[in-house]
Amino acid sequence: MPIKALRWQVMGLGAVAALAFTSCGASGAGTTHSSPAVVSSATIRIGTGLTPETRHAAYIYQVALQEAGYSAEVVETGRDRSAIFEQMHIDMNSSATAQPTSTSPDGDAVHITPDLSGDLLLYLTDNGSTSPSIINDQRTQAQSRVQATEQSSQPATSSAWLASATASPSPTNLNVRGLSSNDIVSYVDLALPDTLELLNPSAATNRYGYVVTAATAQKYGLGSMSDLGEKCAQLSLVAPDTYTANPSGENSLREYYGCMPDQVRTTDERTEQAKQLIRGQTDLAYMFSASADISANNLTLLDDPERTQLAQNIVPLVRAGEIPQEARDIIDGVSAQLNTDSLIRLNSLTSGDNAVSETDAAHFWLSTLRG
């Protein structure tokens, strides 16, 4: 179905869904789920994450929870992951453990934030410079020392003990190249503090990749990153601001494909990256594979036979011990059916002319696109 026709269908479904939700009330009457006791006293707050794809997931979580009778709202996330953890009231330098007996979400904190697994792993490991096993061992040592201190009644703080624990041993690097989606999720889970949990990852992937126009692909005979080689010196590139620091970016392109572009410009604006490529202002763009601009403009995503690009599955981060099991099951149900094609469709629906709202797109996905 053409995307314009889809947008009209989405807006119609959104209006019907809004009317139905209003008539049912916040109690969720008419749904197949029983209203959880926590609904009357707490609202589950969901962060948008850092990308359009995590934003789609956040709104789908919200609508799915509301349809089950939960009170849920979406909260704008800051510009980086430090802001995510701050909004979730998580101290990444603390060795504190979760309180699984908690029965109600912290009213001021963001309780759930979808993120991209690969980028989250790079953040937690300082771009792969520290192994998740080392991070976990240091945190475990810190917790043991704090417990010993508490038992001996000597004053100390968990943050101080963690600082002393991180002094040794020397960090071991993490080789991120070729990691499977499961490996990445396992490493993320290992590196997270006990106050955060991962729910089930979705099959939806949105990894970085090198994109060219059909004309450039034909001119230089490009179908794979292996085809770049010596031609790379004739090509210019536009990439995100993190390109040089990302181990899957500049260094990986040079090491595994012998490619050093003639010129590299950086911008985090996705629309600007695509515009520069389409207008011929650059030859290559390092962009997300789920971008609606790729299919809309007949662009070519180059194959990556050396598996240099990290898998980027959408993973829900939650505050440990606070989200009711039924709500967790609902989020896991979304993840089980959210796939890459859905992300591309959602990107198309919520961008460009006559874009639909995220809420309408979420209603549409839940009623039409999900399996």
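Hydrophobic side-chain contacts under 4.5 Å tie V74 into a cluster, directly or through other members, with Y59.
Residue Y187 qualifies as open at atom OH: its count of foreign heavy atoms under 6.0 Å is 12 or below. Atom CD of Q218 sits in a sparse spot, with 12 or fewer heavy atoms from other residues, nucleotides or ligands closer than 6.0 Å.
Within the model, atoms CG of N313 and OG of S181 stand 4.0 Å from one another, a figure rounded to the nearest 0.5 Å. One distance of note links CG of L222 with CG of L302; it measures 6.0 Å at 0.5 Å rounding. Between atom CG of residue D262 and atom CG of residue L284 there is a gap of 11.5 Å, rounded to the nearest 0.5 Å. The OG atom of S342 sits 10.0 Å away from atom CZ of F364, with the distance rounded to the nearest 0.5 Å. Atoms CE and CG, on M260 and L228 in that order, are 13.5 Å from each other to the nearest 0.5 Å. Residue E86 holds its CD atom at 11.5 Å from CD1 of I84, rounded to the nearest 0.5 Å.
Within the 4.5 Å cutoff, the side chain of Q281 has heavy atoms near those of the R265 side chain. Side chains of H363 and T359 form a contact here, defined as non-hydrogen atoms less than 4.5 Å apart. Side-chain atoms of V315 and L199, non-hydrogen and from C-beta on, never get closer than 4.5 Å to each other. Residues W365 and Q337 form a side-chain contact, since some pair of their non-hydrogen atoms from C-beta on lies under 4.5 Å apart. A 4.5 Å side-chain heavy-atom check between E76 and R55 finds at least one atom pair inside the cut-off. At least one side-chain heavy atom of P305 sits under 4.5 Å from a side-chain heavy atom of S224. Residues P324 and Y70 meet the side-chain proximity criterion, which asks for heavy atoms closer than 4.5 Å. In this structure, the side chains of L196 and V318 stay at 4.5 Å or more apart for every pair of heavy atoms.
Under the side-chain contact (heavy atoms from CB on, under 4.5 Å) criterion, S186 pairs with no residue, sequence neighbours left out.
Contact detail for T350 and S357: the closest heavy-atom pair is CG2-O, 4.3 Å. Residues I323 and A327 approach most closely at CG2-CB, 3.6 Å, considering heavy atoms. Looking at every heavy atom in both residues, G49 comes nearest to T77 through N-OG1, 2.9 Å. Closest approach of R81 to L50, counting heavy atoms only: NH1-CD1, 3.5 Å. In terms of heavy atoms, A109 sits closest to R319 at CB-CD, 3.8 Å. The heavy-atom pair separating V110 from I112 by the smallest distance is CG1-O, 3.5 Å.
R45 places a side-chain N or O within 3.5 Å of a backbone atom of D108 that can act as its donor or acceptor partner. In terms of modelled atom types and a separation under 3.5 Å, the side chain of T267 and the main chain of E269 share a donor-acceptor contact. Side-chain atoms of N297 come within 3.5 Å of backbone N or O of D293 as a donor-acceptor pair. Looking only at distances, a side-chain donor or acceptor of T54 sits under 3.5 Å from a matching main-chain atom of T48. Listed for the S236 side chain is a donor-acceptor partner under 3.5 Å among the backbone atoms of D283. A donor-acceptor pair under 3.5 Å is formed between the side chain of S351 and the backbone N or O of N347. In this structure, the side chain of N246 engages the main chain of S248 through a donor-acceptor pair within 3.5 Å. Judged purely by atom type and a 3.5 angstrom limit, T340 uses its side chain to pair as donor or acceptor with the backbone of T205. The backbone N or O of M287 sits nowhere less than 3.5 Å from a side-chain atom of R270 that would complete a donor-acceptor pair. The backbone N or O of A245 lies less than 3.5 Å from no partner atom in the side chain of T242, so there is not a single donor-acceptor pair.
Residue pairs satisfying the salt bridge (charged side-chain N to carboxylate O under 4.0 Å, His left out) criterion with at least one member in residues 298-313, sequence neighbours excluded, are listed as follows: R177-E306. Listed by first then second residue, pairs satisfying salt bridge (charged side-chain N to carboxylate O under 4.0 Å, His left out) with a partner in residues 221-245 number zero, not counting sequence neighbours.
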Give the C-alpha distance, both sets of side-chain angles, the deciding distance and a yes or no for side-chain contact (heavy atoms from CB on, under 4.5 Å) between E250 and Y286.
CA-CA 10 Å; E250 182 180 67; Y286 188 62; over 6 Å; no
Can L338 and H56 be said to form a side-chain contact (heavy atoms from CB on, under 4.5 Å), step by step?
CA-CA 10 Å; L338 186 63; H56 303 327; over 6 Å; no
side-chain contact (heavy atoms from CB on, under 4.5 Å) between Y220 and L235, worked out
CA-CA 10 Å; Y220 294 99; L235 306 176; 3.6 Å; yes
Going through the distances and angles, do L317 and F85 end up as a side-chain contact (heavy atoms from CB on, under 4.5 Å)?
CA-CA 10 Å; L317 280 170; F85 295 124; 4.1 Å; yes
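Cluster annotation: L343 is not connected to L301 through the hydrophobic network of ILVMFWY side chains, with a link wherever side-chain heavy atoms come within less than 4.5 Å. When hydrophobic clusters are built by joining Ile, Leu, Val, Met, Phe, Trp and Tyr residues whose side-chain heavy atoms come closer than 4.5 Å, directly or via intermediates, I90 is grouped together with L198. Under the 4.5 Å side-chain heavy-atom criterion for ILVMFWY residues, no single connected hydrophobic cluster contains both L190 and Y123. Linking ILVMFWY residues whenever their side-chain heavy atoms come closer than 4.5 Å, directly or via other members, leaves V238 and M225 in distinct clusters. A chain of hydrophobic side-chain contacts below 4.5 Å, direct or via other Ile, Leu, Val, Met, Phe, Trp or Tyr residues, connects I314 to L366.
Between the side chains of S180 and N182, no donor-acceptor pair is found at a separation under 3.5 Å.
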Contacts table for residues 208-217: side-chain donor-acceptor under 3.5 angstrom, sequence neighbours left out:
residue: Y210; atom: OH; partner: Y243; partner atom: OH; Å: 2.8
residue: T213; atom: OG1; partner: T216; partner atom: N; Å: 3.1
residue: T213; atom: OG1; partner: T216; partner atom: OG1; Å: 3.0

Which side-chain N or O atoms in residues 328-336 pair as donor and acceptor under 3.5 Å with protein atoms at least two apart or in another chain?
residue: R328; atom: NH1; partner: E197; partner atom: OE2; Å: 3.1
residue: R328; atom: NH2; partner: E197; partner atom: OE1; Å: 3.4
residue: D329; atom: OD1; partner: Q325; partner atom: NE2; Å: 2.8
residue: D332; atom: OD1; partner: N200; partner atom: N; Å: 3.0
residue: S335; atom: OG; partner: N200; partner atom: O; Å: 3.2
residue: S335; atom: OG; partner: I331; partner atom: O; Å: 3.3

